[in-house]
There are 2 protein chains.
Amino acid sequence: MAFKSLDDLILYAQSRPKRRIAVAAASDHHVLEAIKRACELKIVEPYLIGESKEINAIAASIGLKSDQYIVIDEPDPAKACVLAVSLIREGKAEILMKGMVPTAILLKAVLSKDAGLRKRETLSHFALFQTSHYHKLLGVSDAAMNISPSLSEKANIIENAVDVMLKLGISNPKVAVLAPIETVNDKIPSSTDAASLTLMNQEQHITNCIVYGPLALDNAVSKEAALQKGIHSEVAGDADILIAPDLNSGNILYKSLIFLSDGKAAAIITGANAPIVLTSRADSEMNKLYSIALAAAL
Amino acid sequence: MAFKSLDDLILYAQSRPKRRIAVAAASDHHVLEAIKRACELKIVEPYLIGESKEINAIAASIGLKSDQYIVIDEPDPAKACVLAVSLIREGKAEILMKGMVPTAILLKAVLSKDAGLRKRETLSHFALFQTSHYHKLLGVSDAAMNISPSLSEKANIIENAVDVMLKLGISNPKVAVLAPIETVNDKIPSSTDAASLTLMNQEQHITNCIVYGPLALDNAVSKEAALQKGIHSEVAGDADILIAPDLNSGNILYKSLIFLSDGKAAAIITGANAPIVLTSRADSEMNKLYSIALAAAL
């Protein structure tokens, strides 16, 4: 298993038993379109939790057949989230997906101490990119959840991303911790954090990966640029995962790859006991499908 | 004059009288290669200030003829910077360029209160991008100078960028102030700064442009993404200038466009009384030439 493209990810998800996906507040046209495609490709079997009448009406309008899904009537969106989470806790589903409900409400159910899906302290957003400008798939985190992560939260963000890569068969992934420079500068906290994370990896506090930073983005993805700067880390120019300094920079990197390059992406929330799919209306149809396939492949 | 590409910028610079460029600590192979190309294209006439023997030797080795430049012998790099700045103050040169000297030393000469080139409080890095993924040239600031600019520094950064666009014939440029979201959120300072800058523009504290923010990058460069979010600003999807939240994000955006997309860039330091060219070894030959052409076009 060595994925060269996001389409490989779909093929792999298809080769495995169907995963059961619990969609909270499922009466969302865009979400059900994506679910329909994933069902057609035999990747998932959905539980659709929410206002059952609306769900059935949307399903009928887009051609999602009633024998392809199980509907659970729960009109209250917050309760629908709790119900979806409980399906995963009970082993009845493996993937959680957000429908027509604010992210904060879904995450409240996920983070509940008694009835949630907590695994690590920090949940994070992870995106897997395919672009013609890089020689392999490229993980990027965190583009959507943690505004200004502390050092320990960054360590969690790395661990969450590494977990995904390991499950995709990339052993000992190379993790580039980004900063605007490739040297440690105490006026630039992203550079000192990167140095600390590199050391935490060397000291085996962060394991199963090779962490190196600070690296400017060019040094992380271009061997030539790294050599010109005299950087000799094996991560330089060959990163599997890019860790952004914060939400400002992670979000811009993510959107730059999609809207100002030819990037395609699969994205999930990681760090809980199940992958969480959280597509937005602005995502392309393919990117939504890739996200479900990534969750199903884990 | 409506530039569709960076090659247009070169043609425009060629159509004007040659600009005199003062290169501080000019004994740098890469810098002199770029100067040679700009001379061949009849864009500039260089003063090369530094160790004259070394300069002449490098020039001879790359085929830059001795009648194409004036050399001024000043082996001390800091003094070479002061001398280069004084040439501009005396009206003998219009562009300043950094050679083999740390940026901080060049900027010290530029920022000198008595003998410098100060215009605005804040100097900033401005890059003009060409990419197949956007329908026009796109300004990006600040990718290289201001680590964590305050609100008033961001206002200066906008004004510096607008000055460039106006001189390139783009009247009333559209300025998108980036954040990870398109709504104001007091936990995300880039979003509140963006809102303040928008209001400062509406109240005529920032003039000759249309400022709008907060905009996530997708909303700034894609009309479709902006409409899906219900954003109706004329800046959305049609920005001429992107203002990054800080150095982390600006640097990543700049490098993403070059190393993970097909972007080509011209870049200068703006905000002083003359454009400053500050290419790095890692820049491509063309990007160095574009940077000189941009400075010469202003």
Side-chain angles (χ1 to χ4, degrees), chain A residues 30 129 131-134 138 140 142-148 178-182 185 187-191 193 214-222 224-230 237 242 244-263 280-284, chain B residues 30 129 131-134 138 140 142-148 178-182 185 187-191 193 214-222 224-230 237 242 244-263 280-284:
Chain A
H30 291 261
F129 274 97
T131 158
S132 67
H133 299 280
Y134 199 56
L138 183 61
V140 170
D142 175 333
M145 281 210 72
N146 294 282
I147 295 171
S148 187
L178 300 180
I181 42 169
E182 59 288 332
N185 179 331
K187 289 184 186 146
I188 303 181
S190 56
S191 76
D193 275 5
L215 284 172
L217 177 58
D218 52 339
N219 312 136
V221 300
S222 161
E224 201 186 330
L227 286 176
Q228 276 175 324
K229 289 277 184 179
L242 304 176
D246 55 18
L247 186 62
N248 280 328
S249 51
N251 192 264
I252 282 179
L253 177 56
Y254 178 91
K255 287 175 174 164
S256 171
L257 290 173
I258 292 178
F259 290 91
L260 293 174
S261 184
D262 62 2
S280 105
R281 198 153 293 231
D283 292 330
S284 72
Chain B
H30 292 260
F129 274 97
T131 159
S132 67
H133 300 279
Y134 199 57
L138 183 60
V140 169
D142 176 334
M145 282 211 69
N146 294 282
I147 295 172
S148 188
L178 300 181
I181 43 167
E182 59 291 331
N185 179 330
K187 289 183 187 146
I188 303 180
S190 55
S191 76
D193 275 4
L215 284 171
L217 177 58
D218 53 338
N219 311 135
V221 299
S222 160
E224 201 185 330
L227 286 176
Q228 274 173 327
K229 289 280 183 177
L242 304 176
D246 54 19
L247 186 62
N248 280 327
S249 51
N251 193 265
I252 283 179
L253 176 56
Y254 178 91
K255 286 173 174 163
S256 170
L257 290 173
I258 291 179
F259 290 90
L260 293 172
S261 184
D262 62 2
S280 107
R281 201 152 291 229
D283 292 330
S284 73

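Only a predicted model underlies this, so the values are computations on that prediction, with no experimental measurement involved. Naming: A, B, ... by sequence-line order, numbering from 1 per chain.
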Exercise for the section: Sort B:N185 into side chain, backbone, both or neither according to what part of it lies under 4.5 angstrom from a heavy atom of chain A. Expected result: neither
Practice task
Against chain B, label A:I147 side chain, backbone, both or neither, depending on which of its atoms sit under 4.5 Å from a heavy atom there.
Solution key: side chain
Problem - Interface moiety of A:L178 toward chain B, non-hydrogen atoms closer than 4.5 Å - result: side chain
Problem - Point-to-point distance, once rounded to the nearest 0.5 Å, from CG of A:N248 to CD1 of B:I188 - result: 7.5 Å
Practice task
Walk me through it: do B:D218 and A:I258 pass the test side-chain contact (heavy atoms from CB on, under 4.5 Å)?
Solution key: CA-CA 8 Å; B:D218 53 338; A:I258 292 178; over 6 Å; no
Practice task
Please tell me if the side chains of A:L260 and B:L138 come closer than 4.5 Å, counting only heavy atoms from C-beta onward.
Solution key: yes
Exercise for the section: Name the region of A:S222, side chain, backbone, both or neither, that has any atom closer than 4.5 Å to a heavy atom of chain B. Expected result: side chain
Handout entry: A:L217 CG to B:L253 CG distance, which is reported to the nearest 0.5 Å
Key = 10.0 Å
Problem - Any side-chain heavy-atom pair of A:P245 and B:D246 under 4.5 Å - result: no
Handout entry: chain B interface, residue from A:A225, A:S190, A:A144 that has the most non-hydrogen pairs under 4.5 Å
Key = A:S190
Handout entry: Contacting region of A:A179 [heavy-atom separation from chain B under 4.5 Å]
Key = backbone
Problem - For B:A216 against A:K255, the heavy-atom pair lying closest together - result: CB-NZ, 3.4 Å
